Amino acid sequence: MAGNSLSYNDQLAGGEAPELGQEATPATSPAGAFGLFSSDLKKNEDLKQMLESNKDSAKLDAMKRIVGMIAKGKNASELFPAVVKNVASKNIEIKKLVYVYLVRYAEEQQDLALLSISTFQRALKDPNQLIRASALRVLSSIRVPIIVPIMMLAIKEASADLSPYVRKNAAHAIQKLYSLDPEQKEMLIEVIEKLLKDKSTLVAGSVVMAFEEVCPDRIDLIHRNYRKLCNLLVDVEEWGQVVIIHMLTRYARTQFVSPWKEDDNLEENSEKNFYESDDEQKEKIDKIKKSYAMDPDHRLLIRNTKPLLQSRNGAVVMAVAQLYWHLSPKSEAGIISKSLVRLLRSNREVQYIVLQNIATMSIQRKGMFEPYLKSFYVRSTDPTMIKTLKLEILTNLANEANISTLLREFQTYVKSQDKQFAAATIQAIGRCATNISEVTDTCLNGLVCLLSNRDEIVVAESVVVIKKLLQMQPAQHGEIIKHMAKLLDSITVPVARASILWLIGENCERVPKIAPDVLRKMAKSFTGEDDLVKLQILNLGAKLYLTNSKQTKLLTQYILNLGKYDQNYDIRDRTRFIRQLIVPNEKSGALSKYAKKIFLAQKPAPLLESPFKDRDHFQLGTLSHTLNIKASGYLELSNWPEVAPDPSVRNVEVIESAKEWTSVSGKAKKVKPDEKFYSESEEDASDDSSDSESETGSESDDEENEEAGSDESSEYSSDESDSESDNKNQLAKCKSKTTEESDPDEKTNSKLQSSDASDSESSSIEESSSDSESDTESDYESKKISQKEEKKTWPERKPNKKDVSLLDLDDFNQVSTPVAVLTPAISPGLIADLEGLNLSASSSVINVSTPIFVPMKTHELLHRMSGKGLAASYHFPRQPCIFCDKMVSVQVTLNNTTDQKIENIHLSDQKLPSGMRMHMFSPIESLEPGGSITVAMGIDFCDSTQTACFQLCTKDDCFNVNIQPPVGELLLPVAMSEKDFRREQGP
């Protein structure tokens with residue numbers, strides 16, 4: 001052991017010692033565990049030696065290694081004394097890394113950090129803005145009350161710094177100081193008020209966050225900065241955008257009148273009288289609109305947040321969505337549905353939050369999400385939490401028009417291997433049956449068929465839901481109650497048994513022969529039942545004693561005696577209560593006369609409601625809404641004021657010159673007072689100009705923010721039209737007039753322009769769906785190419801008049817529902833479809849069943865040597881193909897065994913025999929080094945073992961590969977009775 005230690009130390013001290021600061025591994029020591037422990041002890045000693053070195057290069061290397069250790073989550077606190085010595089280093093790179101380290105550990109090592117406080121104060125005057133900001137961050141991280149005055153002075157000085165980065169850090173320090181000493185609130189509010197006037201987009205988000213933490217109730221500080229924040233919003237970083245949007249949502253709810261009154265009045269007056277003309281109806285609507293005029297500042301907020309719906313950050317999109325939900329007129333809130341559905345392509349955590357908010361929205365306004373019904377269909381790869389939320393949304397969106405489709409979908413979900421999800425599906429069927437009376441009987445029959453299912457959880461949940469449905473119309477379903485009574489021998493789930501007993505007790509007069517026999521069986525097993533079931537047995541005995549005492553008197557007394565000595569005090573109490581109530585004696589009071597009315601009173605039918613119904617009082621997108629409980633720090637949205645406060649408080653005197661100084665870029669921007677953004681002349685000029693505006697929305701918003709620095713431009717922007725739909729109507733009218741008066745050549749030109757705009761919009765859609773950025777030159781070339789194509793094919797195509805933005809994705813086609821007069825009766829075809837809920841094993845229908853055994857054997861598709869580092873293998877999952885019923889499902893796993901990224905992996909050059917088809921997987925943009933990805937494809941082998949030959953390609957190479965299926969993989973597992981098998985077998 002000693003020899004091992006000596007040899008290790010000698011090796012470090014010798015000429016071939018490893019580099020200083022490098023983590024030693026067991027390989028550096030000859031052998032033994034002692035060398036391993038020595039390496040851990042020696043590692044930090046080497047770093048300390050490097051930090052005490054006279055060479056800046058050694059110190060810089062040591063600091064890089066220490067910061068790397070922190071990034072990996074390793075503890076480097078013991079190096080604090082050695083690091084803090086270098087805080088006064090003249091090398092800027094070393095000083096920056098030292099400050100990064102001190103910010104992390106200053107709170108833990110407060111005493112040592114206080115020794116260098118004079119150095120931090122000197123660093124606040126450093127000419128380098130990064131050093132000044134880092135010094136302020138370290139100073140605010142030392143949470144010692146003694147230095148509060150020093151921190152306060154430093155924050156005041158930093159708030160007046162020329163660098164916006166330093167001012168941003170001053171805003172961050174405000175929150176830390178307030179949490180350390182809340183008594184400094186008044187002085188901090190003065191600093192916040194000063195920073196709120198800052199015009200830098202770098203500072204805006206941070207100071208609003210400080211405002212929300214320190215003084216969220218001081219709305220008066222926002223008045224004069226409201227328009228500036230609205231105009232800067234597009235250029236602020238994403239984190240700041242979220243904070244500002246939430247703050248402005250609260251502000252708007254206190255300063256503006258509710259825009260929903262107009263919608264409510266319009267809905268009330270939407271039905272016109274029989275003898276009322278269209279002109280009179282139009283006059284009515286105009287009067288209602290005149291009675292409510294949206295505040296220009298209210299419109300400014302809604303308009304300036306609209307471009308952020310196209311943000312790549314899910315939090316920003318969610319923040320804008322909740323703003324539209326809480327602030328915009330109901331007629332305009334529908335724009336957020338497409339953006340939220342787009343977020344369902346994100347990871348599961350984002351999906352969970354978005355789906356929770358959609359579930360709340362879909363209860364109140366179903367029409368917003370009905371066009372995207374298919375986007376909420378459950379996928380097999382979804383986790384249970386996502387499946388349950390999608391199921392909740394589908395149930396909320398159910399109506400007479402789509403219930404047939406949804407019940408077919410639910411039929412598949414009930415067969416899921418995820419039993420929790422299958423149980424939730426049965427509850428959803430029950431809710432649909434409650435909400436849509438036309439399908440109640442059909443759903444009930446389908447649930448009764450599920451009672452013969454092999455899965456106990458499915459049966460139990462079906463019993464509970466059937467019990468709730470039978471409460472609505474119990475007189476019509478005596479046969480169902482008899483059928484459920486027979487299931488008591490096989491069902492073991494306590495909730496299901498209790499539900500059956502309750503049903504029999506409530507309908508004991510309708511099943512007089514069965515109820516006493518059920519009580520006899522339950523009396524035998526009373527002691528071994530669950531507490532919930534015991535309570536229902538007692539209730540059943542009491543009800544039968546009151547209605548059929550001749551047969552059940554002795555049984556009831558026996559059960560009451562058993563309950564009298566039960567271990568559970570609830571059952572003992574219930575037993576004493578029932579005995580005094582139903583068995584007359586000298587001590588029984590006046591209540592015993594009304595025992596029958598008490599036990600057999602008509603119970604109200606239960607309301608099957610959504611669990612998200614009571615969440616609408618929380619602000620969407622907040623933690624409180626997600627948890628359905630008020631979280632600490634949650635700020636409630638106030639109710640709309642009856643009368644709007646004075647809007648003049650938001651007016652700011654114009655003292656600025658024509659050139660605006662911007663602290664971020666340091667360049668002067670020219671403001672054109674003669675031209676105004678979205679001027680009326682531009683709006684009325686041509687349809688082509690409007691299309692180009694929608695096409696380059698983000699660029700135009702940037703220009704708007706540049707011009708909106710002065711209050712004149714904000715007034716111009718606030719005087720714009722209230723909605724894009726009005727603008728489009730005006731443009732359509734202008735276009736129809738101009739085309740009538742113009743020559744045929746001009747008509748063709750206008751058609752070409754409109755089709756060109758629609759084509760360019762569709763190209764922008766594809767770009768947004770793939771999340772790729774393109775240069776202006778490539779945009780210009782693509783426009784030229786699309787314009788040439790349109791000139792060739794314009795007679796065959798029509799201009800797209802629909803408002804299209806970057807949010808229009810390929811799979812968001814609206815569900816086309818035929819407009820028909822709905823009749824209360826259900827068609828025979830619908831009944832036949834819905835009766836497919838029967839999952840009984842004894843059915844004569846041949847059903848494809850789940851394979852009992854799925855081999856995990858993989859076949860090599862492409863060797864890594866042949867594929868130049870790209871390896872591919874495939875296997876047959878033995879699941880029905882999602883692309884086509886006739887195709888065999890194949891899962892292909894791709895591995896990148898190189899140290900470089902492989903780009904654009906796709907399939908091409910199919911060489912298939914006649915009749916054979918293949919569904920290729922979508923191209924993979926890139927595969928990281930060492931990465932692996934599994935994709936699904938489908939191949940129709942035409943019931944033969946022919947080889948499917950094709951090419952697997954990357955950006956640079958193509959490789960010939962082939963798949964030949966074993967005979968067994970071409971077959972599907974089918975469950976059928978012997979009778980059906982013989983019938984299919986034939987003579």
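Remember, predicted model here, so these are calculated numbers, not experimental data.
Once rounded to the nearest 0.5 Å, the distance linking CG of L308 with CD of E238 reads 9.5 Å. Atom CD1 of I358 is separated from atom CG of L397 by 9.5 Å, given to the nearest 0.5 angstrom. The line from CG of D198 to CG of N225 is 10.0 Å long, rounded to the nearest 0.5 Å. Between the CZ atom in F211 and the CD atom in E193 there is a gap of 10.5 Å [rounded to 0.5 Å]. Separating the CZ atom in R218 from the CD1 atom in I192 is a distance of 9.5 Å, to the nearest 0.5 Å. Once rounded to the nearest 0.5 Å, the distance linking CE of M385 with OG1 of T388 reads 10.0 Å.
Within the 4.5 Å cutoff, the side chain of L389 has no heavy atoms near those of the F376 side chain. Using a 4.5 Å cut-off on side-chain heavy atoms (C-beta onward), I336 and M361 make contact. Within the 4.5 Å cutoff, the side chain of Q310 has no heavy atoms near those of the P307 side chain. Annotation: side chain of H326 is in contact with side chain of R253 (closest heavy-atom distance under 4.5 Å). Looking at T360 and W325, their side chains never come closer than 4.5 Å, going by heavy atoms from C-beta outward. In this structure, Q322 and Q619 have side chains that are in contact, with non-hydrogen atoms separated by less than 4.5 Å. For the pair R431 and N396, the minimum side-chain heavy-atom distance is below 4.5 Å. Two residues are said to be in side-chain contact when any heavy atoms from C-beta on lie closer than 4.5 Å; T622 and T626 fail this criterion.
The heavy-atom pair separating V317 from S311 by the smallest distance is CG2-O, 3.5 Å. Between L344 and Q351 the shortest heavy-atom distance is O-CD, 3.4 Å. Contact between A204 and V207 at its shortest, heavy atoms only, is O-CG1, 3.2 Å. Between A936 and F921, the shortest heavy-atom distance links the atoms O-CB, 3.6 Å. In plain terms, the two heavy atoms of S339 and L309 that are nearest each other are OG-CB, 3.4 Å. In plain terms, the two heavy atoms of V320 and I245 that are nearest each other are CG2-CD1, 3.6 Å.
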Show, in sequence, the C-alpha distance, side-chain angles and deciding distance for S200 and R167, and conclude whether the side chain to side chain contact (heavy atoms under 4.5 Å, CB included) test is met. CA-CA 9 Å; S200 172; R167 300 199 296 274; 3.8 Å; yes
Run Y165 and V203 through side chain to side chain contact (heavy atoms under 4.5 Å, CB included) and show every step you take. CA-CA 7 Å; Y165 181 70; V203 182; over 6 Å; no
Quick one, F618 with L623, criterion side chain to side chain contact (heavy atoms under 4.5 Å, CB included). Give me CA distance, side-chain angles, the key distance, then yes/no. CA-CA 9 Å; F618 290 117; L623 179 63; over 6 Å; no
Under the salt bridge (charged side-chain N to carboxylate O under 4.0 Å, His left out) criterion, do D295 and R650 qualify, and how do the steps go? CA-CA 12 Å; D295 191 294; R650 290 185 289 275; 3.6 Å; yes
Test log, rule ring-ring contact (aromatic ring centres under 6.0 Å, His included), inputs H298 and F256: CA-CA 7 Å; H298 191 176; F256 306 127; 4.9 Å; yes
Please step through side chain to side chain contact (heavy atoms under 4.5 Å, CB included) for the pair I403 and C432, ending with a clear verdict. CA-CA 8 Å; I403 186 63; C432 291; 3.9 Å; yes
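Judged purely by distance below 3.5 Å, without hydrogens or angles, the side chains of S206 and H172 pair a donor atom with an acceptor atom. Between the side chains of N399 and E370, a donor-acceptor pair is found at a separation under 3.5 Å.
Between the side chain of Y634 and the backbone N or O of I629 there is no donor-acceptor pair closer than 3.5 Å. Of the possible polar contacts, one joining the H906 side chain to the N904 backbone as a donor-acceptor pair under 3.5 Å is found. With hydrogens and angles ignored, the 3.5 Å screen pairs a side-chain donor or acceptor of N357 with a backbone N or O of I353. Between the side chain of Q241 and the main chain of L233, a donor-acceptor pair closer than 3.5 Å is present. Y324 places a side-chain N or O within 3.5 Å of a backbone atom of I302 that can act as its donor or acceptor partner. Proximity of a side-chain donor or acceptor of E212 to a complementary backbone N or O of V243 within less than 3.5 Å is not detected.
Within a 6.0 Å sphere centred on CD of Q420, other residues, nucleotides and ligands contribute 12 heavy atoms or fewer.
Separation of the H223 and Y251 ring centroids falls under the 6.0 Å cut-off.
By the 4.0 Å N-to-carboxylate-O rule, E237 lies close enough to K168 to be salt-bridged with it. Under 4.0 Å is where a charged nitrogen must lie from a carboxylate oxygen, and between K387 and D382 no such pair does. Salt bridge absent: K374 and E409 never bring a charged side-chain N and a carboxylate O closer than 4.0 Å. Residues R250 and E636 are not paired through a salt bridge, judged by the lack of any N-O separation under 4.0 Å between the basic side chain and the carboxylate.
Each of R299, R303, R365 was compared with E332 under the salt bridge (charged side-chain N to carboxylate O under 4.0 Å, His left out) criterion, and only R299 meets it.
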